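Keep in mind that what you see is a predicted model, and the values were worked out from it rather than measured.
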Amino acid sequence: MVPESLELGHPDWRKSSRCNTGNCVEVAALTSDTIGIRDNKLPASPILAFSHTEWNDFVSAIKSGSHGL
């Protein structure tokens, strides 16, 4: 979760171009070193925050198929 002390401003939330249903997650750069993820269908969605390293590791695992799903 995003620490309360983190000033978010107005992040530029993006969702996948493959999201056709509206039930998608959105990703934004929260700060220069923090990536955020939220559920776009929940008005007050919690925001999960990750470092760039954590985010890149996650994306690499998804692309390689080693995410365990």
Side-chain angles (χ1 to χ4, degrees):
M1 299 291 278
V2 175
E4 290 182 31
S5 62
L6 185 62
E7 264 315 302
L8 296 182
H10 298 284
D12 182 23
W13 293 100
R14 303 178 326 261
K15 62 184 174 185
S16 171
S17 60
R18 295 181 185 210
C19 178
N20 298 324
T21 65
N23 297 325
C24 306
V25 296
E26 296 177 313
V27 178
L30 302 179
T31 67
S32 62
D33 57 353
T34 306
I35 302 294
I37 302 174
R38 71 178 184 179
D39 184 341
N40 77 330
K41 68 183 175 294
L42 299 174
S45 175
I47 298 170
L48 302 177
F50 301 92
S51 70
H52 280 277
T53 301
E54 292 169 326
W55 179 250
N56 290 336
D57 289 348
F58 171 72
V59 171
S60 293
I62 295 296
K63 287 180 178 180
S64 72
S66 63
H67 49 75
L69 296 177

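By the side chain to side chain contact (heavy atoms under 4.5 Å, CB included) test, S45 is found to be paired with R38, D39, L42, residues two or more places apart in sequence or in another chain being considered. In this structure K15 satisfies the salt bridge (Lys or Arg N to Asp or Glu O under 4.0 Å) test with no other residue, sequence neighbours excluded. Under the rule for a side chain to side chain donor-acceptor pair (under 3.5 Å), D12 has no partner lying at least two apart in sequence or in another chain. Not counting sequence neighbours, D57 has no partner by the salt bridge (Lys or Arg N to Asp or Glu O under 4.0 Å) test. Residues meeting the side chain to side chain contact (heavy atoms under 4.5 Å, CB included) test with V25, sequence neighbours left out: I37.
Of the possible donor and acceptor atoms, none in the side chain of T34 sits under 3.5 Å from a partner among the backbone N and O of T31.
Two residues are said to be in side-chain contact when any heavy atoms from C-beta on lie closer than 4.5 Å; W13 and I47 meet this criterion.
The two residues P11 and A28 make their nearest non-hydrogen contact at CB-CB, 3.7 Å. The nearest pair of heavy atoms linking F50 to W55 is CB-N, 4.3 Å.
In this structure, NE2 in H52 is found 6.5 Å from CG in D33, a value given to the nearest 0.5 Å.
The disulfide (SG to SG under 2.5 Å) pairs that include a residue from residues 17-47 are C19-C24, where partners are two or more places apart or lie in different chains.
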